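Starting from 1, each residue takes its place in the sequence as its number. Since the structure is predicted, the reported quantities are computational estimates derived from the model, not experimental observations. Only this structure's heavy atoms are used, side chains among them; waters, hydrogens and symmetry mates stay out.
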Amino acid sequence: MIHPILNYTIKGAIWYQGESNAGAAYKYRTLFPMMIQNWRDDWKQGDFPFYFVQLAPFTAVTTQPGEQQLGGNCARRSR
C-alpha cells in the first residue's frame with residue numbers, strides 16, 4: 001500500500017479508520033501498533049508522529065430495540 005510513496009519525505013501520518021469493521025475493533029489493539037512500527041521502519045525517518053481517528057459504528061448491533069431504532073432524536077422531540 002505505501003511502497004509507491006516511500007521515496008517521499010514525510011513529517012507524520014494521519015490514519016482514518018472507518019466504521020465498516022467496527023465489529024473487529026479489538027483486533028486494532030495489536031494491528032495499529034504493528035502498522036505504525038512497520039511504517040516507521042519502512043520510511044527510516046525515526047519515530048515520526050502518527051495520529052489516527054477511529055469512528056464508532058453508526059448503528060450498534062443490539063438484541064433489544066432501543067431509542068435509536070425507535071426514531072432517536074425524532075422520538076425525543078415529539079414528546
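- Asp47 is linked by a side chain to side chain donor-acceptor pair (under 3.5 Å) to Arg40, counting only residues two or more places apart in sequence or in another chain.
- Connectivity analysis of hydrophobic side chains (ILVMFWY, heavy atoms under 4.5 Å, direct or indirect) links Met1 to Ile2, Ile5, Leu6, Tyr8, Ile10, Trp15, Tyr28, Leu31, Phe32, Met34, Met35, Ile36, Trp39, Trp43, Phe48, Phe50, Phe52.
- Atom CG of Asp41 is surrounded by more than 12 heavy atoms from other residues, nucleotides or ligands within 6.0 Å.
- The shortest side-chain heavy-atom distance between Gln45 and Thr9 falls under the 4.5 Å cut-off.
- Evaluation of the salt bridge (Lys or Arg N to Asp or Glu O under 4.0 Å) test over residues 24-35, restricted to residues two or more places apart or in two chains, returns none.
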